[in-house]
Amino acid sequence: MAYRAYGLHDFRRIPQMGLLTDEEKFVIEVVGNVLPFKVNNYVLDELVDWNNFEDDPMYRLTFPQKGMLSQEHFSQIASLIKQGKTKREMKPLIDQIRLDLNPHPAGQKEQNVPEINGIELPGVQHKYNETMLFFPRKGQTCHAYCTFCFRWPQFVGMDDLKFAMNETHLVIEYIKAHPELTDLIFTGGDPMIMSTEVFASYLNELLEADIPHLQNIRIGSKSLTFWPYKYTTDPGAKELLGLFEKVNKSGKHLSFMAHFNHPVELSTPVVQEAINNIRATGTQIRTQAPVMKGINDDGDLWAEMWKKQVQLGCIPYYMFIARDTGARDYFAVPLAECYEIFRAAYNQVSGIARTVRGPSMSAAPGKVQVLGTQEMFGEKVFVLNFLQGRNPDWVNRPFFAKYDADALWLDELKPAFDQEEFFFEEPTLKGATSSTSIHHHLN
Ligand SMILES: *Cc1c(COP(=O)(O)O)cnc(C)c1O
Ligand code: SF4
């Protein structure tokens with residue numbers, strides 16, 4: 001299958017666009033001027049249900065929707081387009097709107113950037129002791145874009161790829177200097193946008209460095225949803241699978257962290273063949289996704305998805321909660337509801353699928369799971385738990401927040417039982433950085 005991508009400049013050439021009214025196409029143009037938009041022929045032909053595209057989860061996953069901008073932002077852009085303004089004339093307004101959309105929730109760009117021998121590694125994040133994220137320079141785009149992606153600023157050119165790097169030798173030096181690191185995660189964008197040749201050069205250098213404490217190599221990717229041909233008929237597919245096999249044979253564990261939002265993404269013959277091919281290399285596929293309104297905010301859907309994943313030999317891993325950036329208002333599901341969705345799904349799968357953890361917020365102090373709601377001492381509370389902590393000592397110490405049916409994120413929660421602060425905010429606690437609280441730091 002030949003890959004054919006469409007974006008803002010040529011989406012009107014998408015064959016299925018004939019099904020849309022002029023107004024619907026105008027919406028794509030308006031919103032697509034602010035938020036990234038890319039779709040491809042596989043998504044269009046195999047995943048979107050064009051008989052019902054207005055309500056279709058895959059359509060919402062990839063096509064800009066009116067509610068993704070505020071009414072004010074929408075009409076500002078719409079009027080400039082109607083006046084026939086050029087890209088350059090529209091740019092100041094577009095830039096302003098993008099800044100209003102909280103492009104970096106949490107200073108996640110500035111924080112967690114490590115150094116080796118006084119040199120900063122801007123393409124690396126080392127937040128949790130055992131695990132390092134690596135953003136290879138050539139892996140900073142995707143086969144299509146998710147409309148909810150929290151990495152949207154890098155796709156619209158706001159980040160100048162400052163985040164990314166290609167200097168593998170520095171990464172290797174860094175890992176060698178950090179014996180606590182067991183896991184390296186290739187992330188992006190989507191690292192599986194890289195050609196086999198480029199990806200092989202990264203991996204070969206890593207394997208040749210022969211670092212015994214580096215045990216697990218992970219690849220975070222949505223390519224099984226957006227372009228499964230990467231592992232079947234694409235040029236370089238065989239070599240890529242060979243490379244996966246080589247990593248596993250070297251004694252490292254290769255884990256493919258696949259992003260699946262909806263069961264339909266697991267339904268095509270080609271994705272199933274791709275999963276089989278990857279697994280045949282000894283690679284383990286683990287799955288993760290955020291809960292998004294209008295896409296997958298339904299417990300039965302998650303149960304179906306986890307069951308299907310297990311049937312295909314994948315291990316359900318994380319359910320996430322949407323971060324506060326980009327089109328988050330459009331997709332937001334309150335914490336309390338995320339928990340109900342998780343519970344409704346978890347209740348109807350066997351222990352084999354209960355490897356999944358969540359719902360979880362990747363917040364400033366760590367990955368915080370909503371374990372449940374409870375009534376204690378006459379107060380309704382959330383029971384929360386660190387799955388990962390900036391300070392490892394915080395992990396697996398359940399704590400309590402006042403119940404709030406509308407809260408969308410950790411920074412909106414208050415400690416229960418009239419406590420002043422959450423335990424991890426106390427400046428005296430070993431490992432806490434300063435008296436800054438999560439109310440000031442979002443990530
Ligand atoms: C989620 C995450 C990881 C990986 O955590 P695991 O629990 O080991 O899967 C690593 N770094 C960052 C910054 C993360 O958000
Ligand atoms: S594939 Fe991943 S990185 Fe790319 S747009 Fe989707 S969520 Fe973002």
Side-chain angles (χ1 to χ4, degrees), residues 102-114 125-133 150 180 288 290-291 317-325 328-329 331-343 346 356-443:
N102 194 25
H104 301 114
Q108 59 150 348
K109 236 163 51 119
E110 297 77 30
Q111 287 183 29
N112 316 318
V113 175
Q125 268 185 33
H126 187 187
K127 178 171 177 178
Y128 305 128
N129 256 353
E130 299 76 23
T131 306
M132 177 178 127
L133 300 184
F150 70 90
E180 76 278 16
Q288 52 191 17
V291 184
Y317 189 65
Y318 271 137
M319 175 199 272
F320 291 119
I321 298 168
R323 301 184 199 211
D324 183 14
T325 182
R328 196 259 208 134
D329 290 348
F331 288 115
V333 181
L335 302 178
E337 221 174 294
C338 289
Y339 164 66
E340 290 303 338
I341 291 166
F342 184 87
R343 200 169 75 95
Y346 199 79
V356 68
R357 288 158 309 151
S360 168
M361 295 172 261
S362 294
K367 279 189 166 64
V368 176
Q369 175 187 22
V370 183
L371 263 181
T373 55
Q374 250 319 337
E375 184 89 31
M376 293 174 82
F377 313 113
E379 188 174 335
K380 188 160 186 193
V381 299
F382 279 122
V383 187
L384 304 163
N385 183 40
F386 277 100
L387 295 171
Q388 285 291 358
R390 201 174 265 295
N391 178 343
D393 192 43
W394 298 344
V395 174
N396 241 8
R397 288 169 56 174
F399 62 103
F400 304 94
K402 283 200 174 91
Y403 181 80
D404 176 346
D406 302 320
L408 300 173
W409 201 249
L410 185 63
D411 61 343
E412 295 165 41
L413 296 180
K414 303 225 161 34
F417 314 126
D418 297 318
Q419 298 287 299
E420 295 262 301
E421 292 172 307
F422 289 116
F423 78 91
F424 53 91
E425 296 178 296
E426 284 162 11
T428 49
L429 199 87
K430 181 179 144 268
T433 41
S434 71
S435 62
T436 49
S437 83
I438 54 160
H439 303 290
H440 312 132
H441 268 257
L442 291 176
N443 206 19

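Numbers here simply count residues along the sequence, with the first being 1.
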Are any of the side-chain heavy atoms of Lys367 and Lys127 separated by less than 4.5 Å? no
Please examine the side chains of Leu387 and Tyr318, heavy atoms only from C-beta on, and report whether any two atoms are closer than 4.5 Å. yes
Verify, without hydrogens or angle tests, whether Thr325 (side chain) and Pro105 (backbone) share a donor-acceptor contact under 3.5 angstrom. no
For Glu340, enumerate each residue passing the salt bridge (Lys or Arg N to Asp or Glu O under 4.0 Å) test, keeping only those at least two apart in sequence or located in another chain. Arg343
Is there a side-chain contact (heavy atoms from CB on, under 4.5 Å) between Met319 and Ser360? Walk through the geometry before answering. CA-CA 6 Å; Met319 175 199 272; Ser360 168; over 6 Å; no
Are Arg390 and Phe424 side-chain neighbours, meaning at least one heavy-atom pair lies under 4.5 Å? no
Would you check if Val368 and Ile321 make a side-chain contact, meaning some heavy-atom pair closer than 4.5 Å? no
is_close_aromatic(Phe382, Tyr339), centroid dist under 6.0 Å: no
So do the side chains of Val333 and Ile341 get within less than 4.5 Å of each other, counting heavy atoms only? yes
Could you go step by step and tell me if Val356 and Gln288 meet the side-chain contact (heavy atoms from CB on, under 4.5 Å) rule? CA-CA 8 Å; Val356 68; Gln288 52 191 17; over 6 Å; no
Backbone N/O of Pro415 and side chain of Gln419: donor-acceptor pair under 3.5 Å: no
How about Phe377 and Phe417: are their ring centroids closer than 6.0 Å? yes
Is there a donor-acceptor pair closer than 3.5 Å between any side-chain N or O of Glu425 and the backbone N or O of Phe422? yes
Side chain proximity check, Asp406 to Pro334, heavy atoms < 4.5 angstrom: no
Determine whether His126 and Glu180 satisfy the following criterion, side-chain contact (heavy atoms from CB on, under 4.5 Å), listing intermediate values before the conclusion. CA-CA 11 Å; His126 187 187; Glu180 76 278 16; 3.5 Å; yes
CA sep, side-chain torsions, deciding dist, call: Val383, Val370, side-chain contact (heavy atoms from CB on, under 4.5 Å): CA-CA 6 Å; Val383 187; Val370 183; over 6 Å; no
Geometric class of the Tyr346/Phe342 ring pair [parallel <30°, tilted 30-60°, perpendicular >60°]: parallel
side-chain contact (heavy atoms from CB on, under 4.5 Å) with Phe399: of Leu384, Asn385, Val381, Leu371, only one passes, and it is Leu384
